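Report on the following structure.
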Amino acid sequence: MGSKILDKSYDPHPVEEKWYRYWMEGDFFRADPFSDRKPYSIVIPPPNVTGVLHIGHALNNTLQDILIRFKRMEGFNVLWMPGTDHAGIATQNVVEKQLLEEGMDRHRLGREKFIERVWKWKEQSGGTIINQLKKLGASCDWSRERFTMDEGLSEAVKEVFIRLYHEGLIYRSHYIINWCPRCQTALSDLEVEHQELPGKLYYLKYLFQGKDRFLVVATTRPETLLGDTAVAVHPEDDRYRSFIGETVLLPILGRAIPVIADPYVDREFGTGCLKITPAHDFNDFEIGLKHGLPQIKVIDEEGRMKEEAGPYRGMDRFECRKKILEDLEREGLLLKVEDYSHKVGHCYRCKTIVEPNLSLQWFVRMKPLAEPAIEAVRRGRTRIIPSLWEKTYFEWMENIKDWCISRQIWWGHRIPAWYCQSCGETMVGKKEPPSCLKCGSTALRAETDVLDTWFSSALWPFSTMGWPEETPELKVFYPTSVLVTGFDILFFWVARMMMMGIKFMGDVPFRDVYIHGLVRDERGEKYSKTRGNVLDPLDLIQRYGADALRFTLAALTMPGSDIKLSEARTEGYRHFVNKIWNASRFVLMNLEEFDPEEIFKIYPPEEYSLPDRWIRARLNRTIRGVRQALEEYKFNEATHLLYQFTWHEYCDWYLELVKPYLYQTSDEKRKILTQKNLFETLDILLRLLHPFMPFVTEELWQRLLVRKPKESIMVAPYPEPEDRFDEGPWMREMEWVIEVITALRNVRGEMNLPPGERIDVLLRTEEEAKIEERVQRNQIFIEALARVKELRIGKDLRRPPCSAFVQVQEAEIFIPMDPSRMESEKRRLQKEIAKVEKEIAFVSRKLSNEQFLAKAPPEVVSEEKSKVADYQLLKSKLEENLRRVQEALG
RNA sequence: AGGCGGAUAGCUCAGUGGGAAGAGCGCCGGCCUUACAAGCCGGAGGUCGCAGGUUCAAUCCCUGUUCCGCCUACCA
């Protein structure tokens, strides 16, 4: 049937090209909101629009594609919603860098021109990552591709903002926030990465007014003292109790500030005196509010010292630190310096050290949104898999803080707010009001801030489906079936989608959340450009093929742990792909004269040969295992089952067992049935493998089914176990044959008999008739696979003087050999005896333990007993044979 | 500081409701046996981090401990 002989090895690239185009042209990825089949949907975690595919994307999308292809083949109405994220700060930074290279900057360019420029960059590079996903084989419905700054999605963003504002869940307030002096914007708590850095702890003298007494405070940031408005001590600290309410003079500036008491102060740390800088420290801010302290900003938005910093004005904050230390030293106010390692916050986009700063920003009140999202997971309306992440989710959600959503950048969704310049009224709405709703003034000023990029991401599961319109897509595909993502964005994204989904759709956004690990390099380090260890998935596809890469990623994915990608593994799976290619090549070669009509005939299982039935039973078992593993998101288990079955059962045994029937028999019916089974099993196997390796399976399947109407393996049914081919007692015969062949090969291998050298085999058994029949039925296999010249069976067969011995179930096997080989047979037997003796010793020790006999379950005891008996018998046989060998050796 | 995860063959990692452990790669020996040398056949290699405990029996359960990694946190 196969019209053309396949090449000897698989060349992935032309095949990948060809079939991806075929799938696209055939519209196989398209989801149908009007279908009456059961829906299955996934929204892609949208990659940054200007990004390039990295190995983490490759993993994430491979897993999604496996699930999607599996479900599609199972007959579900499948939607995989693709799209990209505008990635506010990240994208803006990239374009700013480009401008810098041109000797330009965004302020000189102006806001409008700059945004135009970003759009241009988006148009230019926005297709890159999408094309890379296609190279991976991702079967997204590309006709639905969305972008977070699309018109529709922007509409959803506005709608959500406005509704939340009117419900009082969004507010604007002066508050201390994390500020990135490089990106020139506020950041949310999550956008700050804490990193342990070596630093110093400085002990500073604060003198009392008019007296020569002083307090000593310890600080890591001496430059912030310029903004100090108090010194705090613990109210019950006897060392300082008497000073509470007094006034100290701030060094350098000489400002008088009070000594206050607050239980927040840790008496054990430093000196027990804490300087309070409400405008530049989160805790100090809270304490300041409590005590009604003034908030003095001394650092500006660029990280430079302000007017209020007096002599240091205009200096960079770190330069100022140096300078102020010199000055303090000179004035004798720097008492001592200690090494001190502490965590410092960095901007997650540009890695600059962030500056806590007082600022007017927009916030989302999170508690009321978080509560139902906690409830949903607690009640199992959304499952988090593996469940260990639930704990992390709960912990964060239960301690959630308000979310600072305004960003002082230009690239993003403009906050839809306007301020009246006469009366100060704030107005929020879809469009700019013609005049102030309160005082009627027409002097309005539009908000210039944009929203945190994660604000629009939080709406992704429903905004992509057309919300706030009531679309058929929403009706059918929301809630989505599963979200596949890494734990690094559990809070950034998953938690916020949960909150927004419940809030605006009245239902959770997904039934399952599958959390996979991060991909790390062989040494377990995170991939990063700065470490220079980036592994480019496209390069891996280039060298090994997309199927091999996908299979590797799936095989390395176990719930709850990170992945260390090893290229050796990918190479191994490229071999596996090639193995499948060649197995198919073999099958196709043998189907050349196969009558296609046979495909549609059905024979009872009894008419199939023993190897046929055996492989079908094994295949059934594999199908069950793979299906279950996929349902449970156990990707490594699924790939393991597929690998073991395909290579070690189908190729190593079945395809070998079948050869005698194909090449040696004159029994036409036998041959036809064998061919039929080859056809059927390969068809099933390819379909079973397809979600994992879509390209090679499509190519082979199309060649196998060359006379069938061409559609695609993508939409062929996913294999189901066939009960009629399930295991039965007859399986034991096949297992026995395999045992005999293995035993014979064992001897051959240990003695280094080349395959060309055929052996005679004598089989001595007590159950002559039974074994004789059995052997007769299977002689053809044993002879072919163990390279046997002549096989004799008998109860009274005599052991030839020069022969190797091996024991199998119900029979002893002798292989006559040249006397020159007796020396190695002796060594082999001695080794075997030693092994058996070790086993006997171990089991006997157990059996001589009375406690064991008394307390262990009887079936365990009897099992051990029969084990030791078997070993003893085997040992005596081995010894007997060893004696004979020694005799022969003289 | 709190929480979580890991420690199993030379390397990367599976595994078990407790009855002396598996894969891939690597290594050693023999083979171009008409699908595949990206292959075939055979083999070697592990006191399952350390110390206790529970049990007839622990790699697996419990306690403690060391090392590694990660996450969260307001000790300056």
Side-chain angles (χ1 to χ4, degrees), chain A residues 5-6 8-10 194 201-202 217-221 224 232 264-277 281-287 340 342-343 388-389 391-392 395-396 399 487-488 490-491 517-518 520 522 524-526 544 548 552 555-556 558 560-569 571-590 636-637 640 643-644 648 651-652 655-656 659 663 742 745-756 784-787 838-839 842-843 846 849-857 860-861 863-864:
Chain A
I5 300 284
L6 271 57
K8 251 180 127 169
S9 64
Y10 174 57
H194 294 274
L201 192 57
Y202 304 95
V217 302
T219 180
T220 53
R221 301 197 56 199
T224 61
Y264 166 76
V265 178
D266 179 355
R267 279 171 280 185
E268 310 300 315
F269 190 89
T271 59
C273 295
L274 174 62
K275 62 191 267 317
I276 303 296
T277 324
D281 184 281
F282 285 87
N283 305 310
D284 294 5
F285 179 81
E286 297 294 341
I287 293 172
Y340 184 70
H342 62 140
K343 296 241 181 177
L388 67 98
W389 290 108
K391 206 175 164 179
T392 314
E395 202 134 317
W396 188 74
N399 299 304
F487 62 81
D488 51 330
L490 183 60
F491 306 141
L518 261 40
R520 297 169 188 281
E522 276 127 319
E525 299 211 44
K526 217 166 156 171
Y544 302 108
T552 309
L556 292 173
M558 24 259 163
S561 58
D562 283 348
I563 291 171
K564 278 185 227 164
L565 188 64
S566 77
E567 224 178 290
R569 203 70 188 258
E571 197 179 340
Y573 289 126
R574 180 185 60 170
H575 297 174
F576 180 50
V577 174
N578 194 53
K579 188 74 178 173
I580 293 164
W581 178 263
N582 273 291
S584 306
R585 180 168 182 255
F586 171 80
V587 172
L588 288 168
M589 279 167 62
N590 283 290
N636 64 324
E637 216 170 287
H640 183 76
Y643 188 95
Q644 290 304 317
H648 298 305
C651 292
D652 286 353
L655 295 187
E656 295 303 321
K659 283 177 184 173
Y663 302 141
T742 306
R745 281 174 170 177
N746 209 308
V747 172
R748 296 187 65 111
E750 297 255 325
M751 303 236 178
N752 284 338
L753 287 187
L785 272 65
R787 318 224 122 229
K838 243 170 99 182
E839 293 294 332
F842 175 69
V843 182
K846 259 192 195 177
N849 181 345
E850 280 178 35
Q851 296 285 345
F852 171 73
L853 296 175
K855 294 192 179 171
V860 173
V861 175
E863 199 184 311
E864 296 296 315

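Fair warning: this is a prediction, and the values are worked out from it, not measured in the lab. Throughout, protein chains are lettered first and strands after them, A, B, ... in sequence-line order, and every chain is numbered starting at 1.
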Measure from the side chain of A:Val265, starting at C-beta and using heavy atoms only, and say which of B:C56, B:A73, B:A76 lies closest.
-> B:A76
Would you please confirm or rule out a distance under 4.0 Å between OP1 or OP2 of B:G39 and any side-chain N or O of A:His575?
-> yes
Do the two ring centres, one from A:Phe576 and one from A:Tyr643, sit under 6.0 Å apart?
-> yes
Whole-Å distance separating the CD atom of A:Glu864 from the P atom of B:A57 | 14 Å
Nearest-neighbour nucleotide for the A:Arg745 side chain, B:A76, B:C71, B:C41 considered | B:C41
With Watson-Crick and G-U wobble geometry limited to distances under 3.5 Å, how should the secondary structure of RNA chain B be encoded in dot-bracket form, using | for bases paired to another strand and [ ] for crossing pairs?
-> (((((((..((((.....[..)))).(((((.......))))).....(((((..]....))))))))))))....
Summary of protein contacts for nucleotides 26-35 of chain B, nucleotide by nucleotide, where a base hit scores B, a sugar-phosphate-only hit scores S (4.0 Å, heavy atoms) = ---SSS-B-B
Answer with base, sugar-phosphate or nothing: what part of the nucleic acid does A:Asn578 contact at a heavy-atom distance below 4.0 Å?
-> base
Please work out if A:Lys275 contacts a base, only the sugar-phosphate, or nothing of the nucleic acid, heavy-atom cut-off 4.0 Å.
-> nothing
Considering only side-chain heavy atoms of A:Thr220, which listed nucleotide, B:A14, B:A38, B:A76, is closest?
-> B:A76
Between B:A76, B:G39, B:C71, which one does the side chain of A:Thr392 approach most closely?
-> B:C71
Does a side-chain N or O from A:Asn746 land closer than 4.0 Å to OP1 or OP2 of B:G43, or not?
-> yes
Taking only the side-chain heavy atoms of A:Gln851 (C-beta and beyond), determine which of B:A14, B:C4, B:C56 contains the nearest atom.
-> B:C56
State which of B:G19, B:C56, B:A38 makes the closest approach to the side chain of A:Arg574.
-> B:A38
Taking for A:Tyr10 and for A:Gly270 the nucleotide of RNA chain B with the nearest heavy atom, the one nearer the 5' end belongs to A:Tyr10
A:Ser9 near the nucleic acid: base, sugar-phosphate alone, or nothing, with a heavy-atom cut-off under 4.0 Å?
-> base
Between atom CG in A:Asp281 and atom P in B:A76, what is the gap in whole Å?
-> 9 Å
Does A:Tyr340 put a side-chain nitrogen or oxygen below 4.0 Å from OP1 or OP2 of B:A76?
-> yes
Between B:A38, B:U72, B:A76, which nucleotide has the shortest distance from any of its atoms to the side chain of A:Phe491?
-> B:U72
Would you tell me if any nitrogen or oxygen in the side chain of A:His648 comes within less than 4.0 Å of OP1 or OP2 on B:G24?
-> yes
Would you call A:Phe842 stacked on B:A20, i.e. ring centres under 5.5 Å apart with the planes less than 30° off parallel?
-> yes
Base, sugar-phosphate, or nothing for A:Glu395, non-hydrogen atoms under 4.0 angstrom?
-> nothing
